[in-house]
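Take a look at the structure below.
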2 protein chains.
Amino acid sequence: MATTRDRILDAFEALLVGQGSRAATLDAVADEAGVSKGGLLYHFPSRDDLVVGMLDRLREMGVKDAEKMRAAPQGAVSYYVETSKHTGSAFDRTMIAAARIAQESDARASRALDDLRDAWFGVLAEQLDDEALARTIQLICDALYFNAIMGLAEEASLPAVRTVLARLGALDTRA
Amino acid sequence: MATTRDRILDAFEALLVGQGSRAATLDAVADEAGVSKGGLLYHFPSRDDLVVGMLDRLREMGVKDAEKMRAAPQGAVSYYVETSKHTGSAFDRTMIAAARIAQESDARASRALDDLRDAWFGVLAEQLDDEALARTIQLICDALYFNAIMGLAEEASLPAVRTVLARLGALDTRA
DNA sequence: GTCTATAGATGGATAGAC
DNA sequence: GTCTATCCATCTATAGAC
């Protein structure tokens with residue numbers, strides 16, 4: 001069973017992702033988490049503490065994901081492209097939630113996302129040995145992500161990306 | 001001299017882009033535009049009317065941009081890639097502002113952005129005659145855009161994209 | 001650790017003077 | 001067309017009971 005603390009962060013993220021920061025009020029979060037506002041404020045004394053708690057979780061998840069990507073049997077590029085299609089995982093949700101906060105000029109959130117991207121880029125560059133290609137692949141995956149975030153129509157994109165990456169000889173990076 | 005109406009929309013967009021929807025309150029918009037709240041509410045009777053007014057401007061600008069892209073002397077791909085680096089133009093700002101609103105599950109904003117992307121894709125596909133490539137280029141430019149939106153570090157990306165697109169023979173599409 | 005009650009500030013919106 | 005004054009709902013946060 002998840003701790004109350006985690007359920008509150010889950011609720012905060014769900015509201016950020018689903019309806020944006022404006023809708024993620026303390027009342028709404030408490031309601032979504034099934035606690036009273038007072039109960040929420042016991043765990044997170046201010047709204048800003050919710051943000052900090054969420055970014056802490058993001059960093060933890062990010063470290064684990066980079067390790068998984070590095071060790072992926074299908075190669076880091078395929079792993080990265082496939083997992084960028086926004087599967088709705090807990091990690092996805094936390095990333096998108098952090099993106100919402102970053103857009104409010106929150107330097108901590110921007111920093112956390114930047115660090116994540118740096119870690120991924122490190123693995124891509126390591127396996128591809130081609131910096132320009134690694135950066136371009138990262139951009140493509142950013143876009144798959146962000147389009148998903150914004151609810152834009154994108155079913156056609158992933159097959160197109162696979163086609164072009166195959167053309168570039170970038171898909172199979174196993175030694 | 002810009003009309004008061006336009007100055008108000010400019011202020012609304014500036015706040016959305018700079019500090020997010022949460023900060024774009026009627027008070028803040030009125031202040032930024034140099035009018036009173038009452039003055040603002042004469043032109044836009046509710047906050048939602050600000051959103052509608054902004055999306056109307058976006059559509060107007062979008063039509064003009066697609067025409068410019070189609071007629072660009074350097075070819076549509078180059079035009080599209082170069083203008084995607086977030087130059088800070090009025091059109092840029094309105095697009096990003098619309099993106100902020102779209103993230104709050106506003107179907108009208110998502111629709112307006114989707115229509116814009118459709119128009120661009122049409123021009124790309126027309127000049128490249130390669131759908132997979134057109135879609136991938138659009139994704140790359142989405143990402144250049146979105147990373148700029150979120151204040152992520154991206155100076156290294158544009159040269160990388162030029163390199164890879166040249167490798168794909170996609171940069172010069174002039175007949 | 002969780003709740004209710006409430007304070008104090010800020011938000012969106014109306015009324016009416018100029 | 002723009003302003004001030006004001007209303008009411010909502011938001012963040014505190015206090016204190018259980």
Side-chain angles (χ1 to χ4, degrees), chain A residues 1-57 97-109, chain B residues 1-57 97-109:
Chain A
M1 181 59 181
T3 63
T4 301
R5 205 189 134 86
D6 271 319
R7 274 191 301 117
I8 291 170
L9 285 179
D10 289 346
F12 183 48
E13 289 176 8
L15 283 162
L16 283 174
V17 172
Q19 296 169 225
S21 187
R22 234 170 110 80
T25 65
L26 297 186
D27 278 294
V29 172
D31 198 47
E32 174 89 12
V35 293
S36 67
K37 202 181 348 185
L40 186 162
L41 285 162
Y42 167 79
H43 292 282
F44 301 94
S46 77
R47 190 183 191 271
D48 195 61
D49 289 312
L50 279 172
V51 172
V52 171
M54 186 203 36
L55 294 178
D56 285 346
R57 285 213 311 199
R100 302 281 197 243
I101 298 297
Q103 290 176 2
E104 296 175 326
S105 287
D106 186 305
R108 299 162 303 179
Chain B
M1 181 57 181
T3 63
T4 301
R5 204 190 134 86
D6 271 318
R7 276 191 301 115
I8 291 170
L9 285 180
D10 289 347
F12 183 48
E13 290 177 6
L15 283 162
L16 283 175
V17 172
Q19 299 168 228
S21 188
R22 230 171 114 81
T25 65
L26 296 185
D27 279 293
V29 172
D31 197 49
E32 174 90 11
V35 294
S36 66
K37 194 160 34 162
L40 185 162
L41 286 162
Y42 167 78
H43 293 281
F44 301 94
S46 76
R47 191 182 191 271
D48 195 62
D49 290 312
L50 280 171
V51 171
V52 172
M54 186 204 36
L55 294 178
D56 285 346
R57 286 214 311 198
R100 301 282 197 243
I101 298 297
Q103 290 177 1
E104 296 175 324
S105 287
D106 187 305
R108 299 161 304 180

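- For L41(A) and dG16(D), the CG to P distance is 16 Å, given to the nearest whole Å.
- With L40(B) as reference, I8(B) is the one residue of I8(B), D31(B), T4(B) to meet the side chain to side chain contact (heavy atoms under 4.5 Å, CB included) rule.
- At whole-Å resolution of the value, CZ in R47(A) and C1' in dA9(C) are 16 Å apart.
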I'd like to compare against my own output: the B/S/- annotation of nucleotides 2-7 of chain C with a strict under-4.0 Å heavy-atom distance to protein. BBB---

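- One atom, CD1 of I8(B), and another, P of dG12(C), lie 14 Å apart when rounded to the nearest Å.
- Applying the side chain to side chain contact (heavy atoms under 4.5 Å, CB included) test to A2(A) and every residue at least two apart in sequence or in another chain returns D6(A), R7(A).
- In this structure, the side chain to side chain contact (heavy atoms under 4.5 Å, CB included) partners of T25(A), at least two apart in sequence or on a different chain, are D27(A), A28(A).
- In this view, E32(B) satisfies the side chain to side chain donor-acceptor pair (under 3.5 Å) rule with no residue, not counting sequence neighbours.
- Only R22(A), listed by number, bring a heavy atom of residues 21-32 of chain A to less than 4.0 angstrom from any atom of DNA chain C.
- In this view, A97(B) and E13(B), L16(B), V17(B), M54(B) satisfy the side chain to side chain contact (heavy atoms under 4.5 Å, CB included) rule, not counting sequence neighbours.
- For A23(A) against L15(A), the heavy-atom pair with the smallest separation is O-CD2, 4.4 Å.
- For D48(A), the salt bridge (Lys or Arg N to Asp or Glu O under 4.0 Å) partners at least two apart in sequence or on another chain are R108(A).
- By the side chain to side chain contact (heavy atoms under 4.5 Å, CB included) test, D49(B) is found to be paired with F44(B), P45(B), S46(B), residues two or more places apart in sequence or in another chain being considered.
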